Amino acid sequence: MEIVTRFAPSPTGYLHIGGIRTALFSWAYAKKNKGKFILRIEDTDVERSTQEAVEIIKNGMKWLKLDHDDDIIFQTQRFDRYKELIKALLDQGDAYYCYTSKAELDQLRELQVSQGIKPKYDGRWRPEENKNLPDIPDNVQPVIRFKTPQNGEINWKDLVKGEVAIKNEELDDLIIARPDGTPTYNFCVVVDDWDMKVTHVIRGDDHVNNTPRQINLLKALNAPIPQYAHLSMILASDGQKMSKRHGAASVMQFRDDGYLPEAVTNYLARLGWSHGDDEIFSLSELAEWFDFDHITSSAAQFDKEKLDWINNHYIKNEPVDKLAALIKPRLIDRGVSRVETDILNDAIKLYQDREKNLNTFADDILFFFQDIKVSDELKNKYLSEKSKSLIRAFVGELEKVNWTNDDVDKFIKAFVKYEDIRFPEIAMPLRVIITGTDNTPSIGSIIFIVGIEVVKKRISVILE
RNA sequence: GACCCCAUCGUCUAGAGGCCUAGGACACCUGGUUUUCAUCCAGGCAACAGGGGUUCGACUCCCCUUGGGGUCGCCA
């Protein structure tokens with residue numbers, strides 16, 4: 001049987017990092033088994049679903065290179081199918097109309113909470129043998145509820161949590177259709193997973209409690225029960241629930257914050273899953289290695305330091321032209337009007353080992369393209385009268401140097417020797433004047449890349 | 001409150017009863033390389049939540065406690 005998995009987000013906002021991790025594992029499991037990975041948009045809540053959010057999901061998946069099979073499925077395009085099956089359930093006596101209003105439900109819930117019992121629909125409209133149903137009120141459009149079995153329990157062998165059992169008495173008769181006839185979440189999921197022949201439902205921990213409802217629905221529809229895998233949540237670094245406001249939760253935020261997609265998927269996959277001591281692996285290695293046996297069942301805390309470390313790894317190994325394409329727009333955002341390709345490429349080569357983020361990368365090489373300002377603190381620290389006169393002598397001789405990186409390096413060394421000074425005595429003032437900071441790679445390479453004119457200009461600005 | 005799930009270094013994790021004197025990675029600390037910083041290299045610090053069982057033997061199995069998380073919508 002072909003393995004089919006799916007990612008089923010609802011388009012109501014940003015793409016959550018926890019959601020994308022379930023997508024990542026679903027994708028990997030399908031790939032590993034040469035099966036199918038489906039993207040399904042759960043947009044039955046017409047009020048809250050937006051086209052913009054659909055685009056965010058598509059872009060996020062594309063950015064992370066999580067390709068799906070088949071066309072994207074939208075639940076709103078399948079309403080006829082849902083209605084057909086709701087009718088079947090009604091006809092076979094597994095569903096019924098309920099005229100209880102929202103206000104009455106709120107009242108009931110309040111009462112139950114005050115009594116310290118689990119809030120639950122009381123089944124007042126549930127047809128039962130020898131039971132008199134209330135009179136149907138005027139002008140009330142009913143919802144349709146599923147007649148959940150009242151005895152027994154539902155259990156399944158969860159691929160990550162093991163045996164899970166929940167008693168039917170814990171469940172109530174869930175609403176499967178709203179007064180306007182639109183179907184609700186649990187019902188659509190069940191029908192879709194069935195119709196799409198989904199074999200493995202891989203989703204977040206927060207759906208564990210929906211699983212028995214869905215299994216009951218599946219049974220009533222006489223549909224096969226898929227395998228379930230409930231992944232634990234990702235918590236923010238303080239152990240609290242992660243959200244847009246708390247801990248960076250939006251996938252696109254990671255892109256904007258300067259992370260490479262490979263770093264994000266690598267980090268996320270390693271969070272809660274392991275393959276021996278491997279820390280760095282590609283998407284295709286994940287697809288090859290993935291299994292449920294090595295998924296942790298406990299929640300994991302998000303650790304930015306480790307993500308940064310992984311991001312640095314990928315930045316170090318990324319081809320220069322790819323990095324250039326990512327960094328150029330960031331330089332422009334920072335006010336650079338013209339980005340010389342040669343300078344950019346050289347700057348990237350010189351800096352890529354040390355950078356753990358595309359944004360700070362752009363910040364660090366900004367001085368190649370833009371005038372800088374030297375802080376008073378740095379001036380006081382490095383620009384004494386003696387160093388200023390050294391700089392004057394240096395720049396006078398620099399003009400005579402044959403302009404290769406090698407010759408510039410040789411020249412600096414020769415200058416140090418000639419003046420009988422220590423290397424930092426000339427290197428640090430030059431660093432500060434040319435780059436505006438005292439931590440940089442080789443000063444010789446920097447001088448070579450920015451060029452004699454810029455060096456002269458920045459020195460003259462400072463010396464005057 | 002009820003129900004469900006979870007529990008190894010600060011963090012992510014390895015661990016399928018003897019391989020554990022509990023391994024790796026991030027972070028942190030020290031040293032080396034780099035006459036700056038980062039990278040890189042070498043070394044170090046650091047954990048089985050607590051209590052009961054089961055067993056010749058428990059990080060591993062069972063129970064309880066504690067702690068954490070999730071769910072209890074005409075949201076998904």
Side-chain angles (χ1 to χ4, degrees), chain A residues 8-12 19 42-45 47-49 75 98 100-102 105-106 109 112-121 141-145 158 160-162 164-167 169-172 174-180 182-186 188-189 203-212 230 232-233 235 237 239-241 267 270-280 293-294 296-310 312-313 316 351-356 364 382 413 416 421-428 430-432 437-443:
Chain A
S10 60
T12 52
E42 312 227 317
D43 54 353
T44 52
D45 185 353
E47 300 268 300
R48 298 202 303 158
S49 299
Q75 291 187 321
C98 167
T100 314
S101 70
K102 275 187 184 182
L105 249 19
D106 288 343
R109 193 171 307 129
Q112 288 166 327
V113 169
S114 74
Q115 291 172 342
I117 57 175
K118 186 171 182 166
K120 200 173 134 176
Y121 172 65
Q141 278 296 313
V143 299
I144 299 171
R145 286 185 185 267
D158 198 276
V160 348
K161 298 199 179 291
V164 182
I166 294 174
K167 291 182 188 68
E169 65 191 42
E170 293 295 331
L171 275 24
D172 61 5
L174 70 153
I175 291 171
I176 57 176
R178 302 181 179 95
D180 64 1
T182 57
T184 59
Y185 170 75
N186 278 296
C188 299
V189 166
R203 68 206 337 181
D205 220 348
D206 47 339
H207 287 288
V208 169
N209 292 281
N210 284 324
T211 305
H230 288 99
S232 54
M233 313 257 83
L235 273 22
S237 52
Q240 297 295 111
K241 189 174 178 173
Y267 176 72
R270 188 64 186 72
L271 195 60
W273 175 79
S274 62
H275 183 263
D277 288 340
D278 292 312
E279 296 288 345
I280 300 292
D293 294 343
H294 292 88
T296 335
S297 38
S298 55
Q301 283 181 220
F302 186 86
D303 181 13
K304 183 176 175 295
E305 304 285 349
K306 186 146 183 187
L307 208 213
D308 282 344
W309 174 76
I310 292 178
N312 167 255
H313 171 86
K316 275 191 293 200
Y351 273 77
Q352 75 183 126
D353 277 355
R354 66 181 52 224
E355 298 294 344
K356 45 187 171 189
D364 286 348
Y382 295 107
K413 287 202 175 107
V416 166
I421 53 174
R422 284 170 49 252
F423 190 87
E425 287 181 77
I426 186 68
M428 293 314 290
L430 281 171
R431 253 193 193 99
V432 165
T437 149
D438 54 356
N439 315 339
T440 78
S442 156
I443 187 62

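Each chain gets a letter, A, B and so on, in the order its sequence line appears, and its residues count up from 1. Nothing here was measured: the structure is a model prediction, and the numbers come from that model.
The existence of a salt bridge linking Lys102(A) and Asp106(A) is excluded, since no basic side-chain nitrogen approaches an acidic carboxylate oxygen closer than 4.0 Å. Using a cutoff of 4.0 Å between basic side-chain nitrogens and carboxylate oxygens, Arg145(A) and Asp172(A) are not scored as salt-bridged.
Spacing between atom CG of Asn186(A) and atom P of rC75(B) amounts to 12 Å, rounded to whole angstrom units. In this entry the distance linking CG of Asp353(A) with C1' of rC41(B) reads 14 Å, nearest Å. Between the NE2 atom of His313(A) and the C1' atom of rC40(B) there is a distance of 14 Å, given to the nearest Å. Atom CD of Gln301(A) is separated from atom P of rU8(B) by 11 Å (rounded to the nearest Å). As rounded to whole Å, 7 Å separates atom P of rA76(B) from atom CZ of Arg48(A). Lys306(A) has its NZ atom 13 Å from the C1' atom of rG10(B), to the nearest Å. Rounded to a whole Å, the NE2 atom of His207(A) is 15 Å from the C1' atom of rC4(B). Going from atom NE2 of His230(A) over to atom C1' of rU71(B) covers 12 Å, rounded to whole Å.
On the P atoms, rG15(B) is 42 Å away from rC74(B), given to the nearest whole Å. Rounded to whole Å, the separation between the C1' atoms of rU21(B) and rG52(B) comes to 27 Å. Comparing the same atom, C1', in rU54(B) and in rC64(B) gives a spacing of 15 Å after rounding to whole Å. Rounded to a whole angstrom, the distance from the P atom of rC37(B) to that of rG32(B) is 12 Å. Comparing the C1' positions of rU8(B) and rG67(B) gives an interatomic distance of 15 Å, to the nearest angstrom. Here the separation of rC62(B) from rC45(B), taken at their C1' atoms, is 36 Å to the nearest Å. Using P as the reference atom, rG10(B) and rG50(B) are 13 Å apart when rounded to the nearest Å. Comparing rA16(B) with rU60(B), their P atoms are spaced 12 Å from each other, to the whole Å.
Minimum atom distance to the side chain of Asn439(A) is reached by rC37(B), of the listed rU71(B), rC12(B), rC37(B). Comparing atom distances between the Asn209(A) side chain and each of rU36(B), rC3(B), rC72(B) picks out rC3(B) as nearest. For Asp303(A), the side-chain atoms get nearest to rU11(B) when compared with the rest of rA76(B), rC74(B), rU11(B). For Met233(A), taking side-chain heavy atoms from C-beta onward, the closest of the listed nucleotides rC72(B), rG70(B), rG24(B) is rG70(B). For Leu271(A), taking side-chain heavy atoms from C-beta onward, the closest of the listed nucleotides rG1(B), rC12(B), rG24(B) is rC12(B). Nearest nucleotide to the Tyr185(A) side chain, out of rA76(B), rG69(B), rC72(B): rA76(B).
Across every non-hydrogen atom of Pro183(A) and Thr44(A), the tightest pair is O-CB, 3.8 Å.
Look at Phe423(A) and the base of rU35(B); the rings stack, centres closer than 5.5 Å and planes less than 30° apart.
Nearest-nucleotide positions on RNA chain B for Asp45(A) and Glu170(A) put Glu170(A) closer to the 5' end. Comparing Ala300(A) and Trp309(A), the nucleotide of RNA chain B nearest to each residue sits closer to the 5' end for Ala300(A).
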Would Arg203(A) and Thr211(A) count as a side chain to side chain donor-acceptor pair (under 3.5 Å) here? Give the steps. CA-CA 11 Å; Arg203(A) 68 206 337 181; Thr211(A) 305; 3.1 Å; yes
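Residue Ser274(A) places at least one side-chain N or O under 4.0 Å from the OP1 or OP2 atom of rA14(B). The phosphate of rU13(B) has OP1 or OP2 within less than 4.0 Å of a side-chain N or O from Thr296(A). Within the structure, a side-chain polar atom (N or O) of Arg109(A) is placed less than 4.0 Å from OP1 or OP2 of rG73(B). The side chain of Thr184(A) contributes no N or O atom lying less than 4.0 Å from OP1 or OP2 of rG73(B). Residue Lys316(A) places at least one side-chain N or O under 4.0 Å from the OP1 or OP2 atom of rC40(B). Between His294(A) and rG15(B) there is a side-chain polar atom (N or O) within less than 4.0 angstrom of OP1 or OP2. Close to rA76(B), at under 4.0 Å from its OP1 or OP2, lies a side-chain N or O of Arg178(A).
Enclosure of atom NZ in Lys356(A) is not indicated, since only 12 or fewer non-hydrogen atoms of other residues, nucleotides or ligands lie within 6.0 angstrom. The environment of NZ in Lys316(A) is crowded: more than 12 heavy-atom neighbours from other residues, nucleotides or ligands sit within 6.0 Å.
When heavy atoms are screened at a 4.0 angstrom cut-off, Asp438(A) is found touching base atoms of the nucleic acid. Ser232(A) comes within contact range of no nucleotide atom at all, as no heavy-atom separation falls under 4.0 Å. The residue Ser114(A) sits apart from the nucleic acid: no heavy atom pair falls under 4.0 Å. Among the protein residues, Asn210(A) comes within range of the nucleic acid bases, having at least one heavy atom under 4.0 Å from a base atom. Gly272(A) comes within 4.0 angstrom of the backbone, heavy atoms only, and of no base. In this structure, Glu279(A) reaches the bases: a heavy-atom distance under 4.0 Å links it to at least one base atom across the strands shown. Residue Ser297(A) is classed as a sugar-phosphate contact, given heavy-atom separations below 4.0 Å to backbone atoms only. Ser49(A) comes within 4.0 angstrom of no nucleic acid atom, judged by non-hydrogen atoms across all strands. Using a 4.0 Å heavy-atom criterion, one finds that Val143(A) contacts the bases of the nucleic acid, with or without backbone contacts as well. Using a 4.0 Å heavy-atom cutoff across all strands shown, Lys161(A) reaches sugar-phosphate atoms only and no base atom. Using a 4.0 Å heavy-atom distance criterion, Pro9(A) is classed as making no nucleic acid contact. Within the 4.0 angstrom heavy-atom criterion, no nucleotide atom of any strand lies near Ile117(A). Heavy atoms of Ala165(A) sit under 4.0 angstrom from primed sugar atoms or phosphate atoms, though from no base atom.
With hydrogens and angles left out, the side-chain atoms of Asp180(A) and Thr182(A) include a donor and acceptor closer than 3.5 Å.
Atom OH of Tyr267(A) is separated from atom CG of Asp308(A) by 10.0 Å, given to the nearest 0.5 angstrom. We find the CD1-CD1 distance between Ile426(A) and Ile421(A) to be 5.5 Å, quoted to the nearest 0.5 Å.
Base pairing analysis places rA49(B) opposite rU65(B); the two distances defining the Watson-Crick or G-U wobble pair are each below 3.5 Å. Here rA2(B) sits opposite rU71(B) as a Watson-Crick or G-U wobble pair (both hydrogen-bonding atom distances under 3.5 Å). If you check rU34(B) for Watson-Crick or wobble pairing at under 3.5 angstrom, you find it has no partner at all.
Between the side chain of Arg422(A) and the base of rU35(B) there is no donor-acceptor pair of N/O atoms closer than 3.5 Å. The base of rG1(B) is not paired with the side chain of Gln115(A) by any donor and acceptor separated by under 3.5 Å.
The six-membered or imidazole ring of Tyr185(A) lies near that of His207(A), with a centre-to-centre distance under 6.0 Å.
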